[in-house]
Amino acid sequence: FDAITYTGNGTSQDIVTGIDSVDFTVSGNGSGYWLDRTNNVVVDESTDLVTNGTFDVDTSGWTGNNATLSVSSNKMVVTNTAAYGDSYQVITTEIGKDYVVAVDVSSIAQTAFVLVGTTLDGYELSTSGALSVDTSYVVKFTATTTSTYIQMQSGNAIGNTATFDNISVCEVSASGT
């Protein structure tokens, strides 16, 4: 369908569309928001906490852990040099606040995982579970520390690869009712 135009009165309003997600822009302030109906939250993309989540040139901002990182077609390729290799970035979070992680995963050799934790290789806050098909993965988590590890893991064997793109972590700006 075409665009939906909504003019609110400055208070919380429900917009029912019957689809899983809605992209919208709040006029006048340039902020981009999207509605994640799975987690029932509105996400403000202007507060993206990830550095270089689109890999237009390189993998700067990301660190390999038992893995080599490269770019192919503007996507990050994680290749294991040991079991459970990953690429990670530590972001600053505020204890008790909610955040949403979004990532596109593709070209999976065996399995891939998206981990959110308080330690390297940890998934205390969230895990995607084993991903074996191309997918867009979105999950909400609540920060329990001021430093949170966002990790893209490429399975459990040496030589495994997985490709990641459009990685973002945004603070949830409003909750649905």
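Everything numeric in this text was worked out from a predicted model, so none of it was measured.
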Problem - Residues that Asp121 engages under side chain to side chain donor-acceptor pair (under 3.5 Å), provided they are two or more places apart - result: Asn65
Handout entry: Under 3.5 Å: donor-acceptor pair, side chain of Thr81, backbone of Ala67
Key =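 A pair under 3.5 Å: yes.
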Exercise for the section: Test Asp98 against Thr142 for side chain to side chain donor-acceptor pair (under 3.5 Å), laying out the working first. Expected result: CA-CA 4 Å; Asp98 292 331; Thr142 302; 2.6 Å; yes
Practice task
Apply side-chain contact (heavy atoms from CB on, under 4.5 Å) to Thr144 and list each qualifying residue two or more places apart in sequence or on a separate chain.
Solution key: Thr118, Leu125
Value rounded to 0.5 Å, distance of [atom1] in [X] from [atom2] in [Y]:
| X | Y | atom1 | atom2 | result |
| --- | --- | --- | --- | --- |
| Thr63 | Asp86 | OG1 | CG | 10.0 Å |
| Met152 | Tyr137 | CE | OH | 9.5 Å |
| Ser154 | Leu69 | OG | CG | 10.5 Å |
| Met76 | Ser70 | CE | OG | 9.5 Å |

Practice task
Supply the members, apart from Phe113, of the Ile/Leu/Val/Met/Phe/Trp/Tyr cluster built from side-chain contacts under 4.5 Å; use none for a lone residue.
Solution key: Leu115, Tyr123
Fill in the blank from the handout: Members sharing Val77's hydrophobic cluster, built from side-chain contacts under 4.5 Å between Ile, Leu, Val, Met, Phe, Trp and Tyr, are none
Practice task
Report yes if the side chains of Val139 and Val114 come closer than 4.5 Å at any heavy-atom pair, otherwise no.
Solution key: no
Hydrophobic clusters here meaning ILVMFWY residues chained together by side-chain heavy-atom distances under 4.5 Å, can you tell me if [X] and [Y] are in one?
| X | Y | result |
| --- | --- | --- |
| Tyr88 | Val105 | no |
| Val50 | Phe141 | yes |
| Val116 | Leu49 | yes |

Donor-acceptor pairs under 3.5 Å, side chain of residues 89-97 to any protein atom, not counting sequence neighbours: which ones?
unit_1 : atom_1 : unit_2 : atom_2 : d
Gln89  : OE1    : Thr51  : N      : 2.7
Gln89  : NE2    : Thr51  : O      : 3.0
Gln89  : NE2    : Gly61  : O      : 2.9
Thr93  : OG1    : Thr145 : O      : 2.8
Thr93  : OG1    : Thr148 : OG1    : 2.8
Lys97  : NZ     : Glu171 : OE2    : 3.3

Exercise for the section: Quick one: closest heavy-atom pair of Ser107 and Asp134, and the distance? Expected result: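 In terms of heavy atoms, the two residues are closest at N-OD1, 3.2 Å.
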Report, one line per pair, each donor and acceptor closer than 3.5 Å where one atom sits in a side chain of residues 155-166; sequence neighbours left out.
unit_1 : atom_1 : unit_2 : atom_2 : d
Asn156 : OD1    : Gln110 : NE2    : 3.2
Asn160 : ND2    : Gln110 : OE1    : 2.5
Asn166 : ND2    : Asp104 : OD2    : 2.7

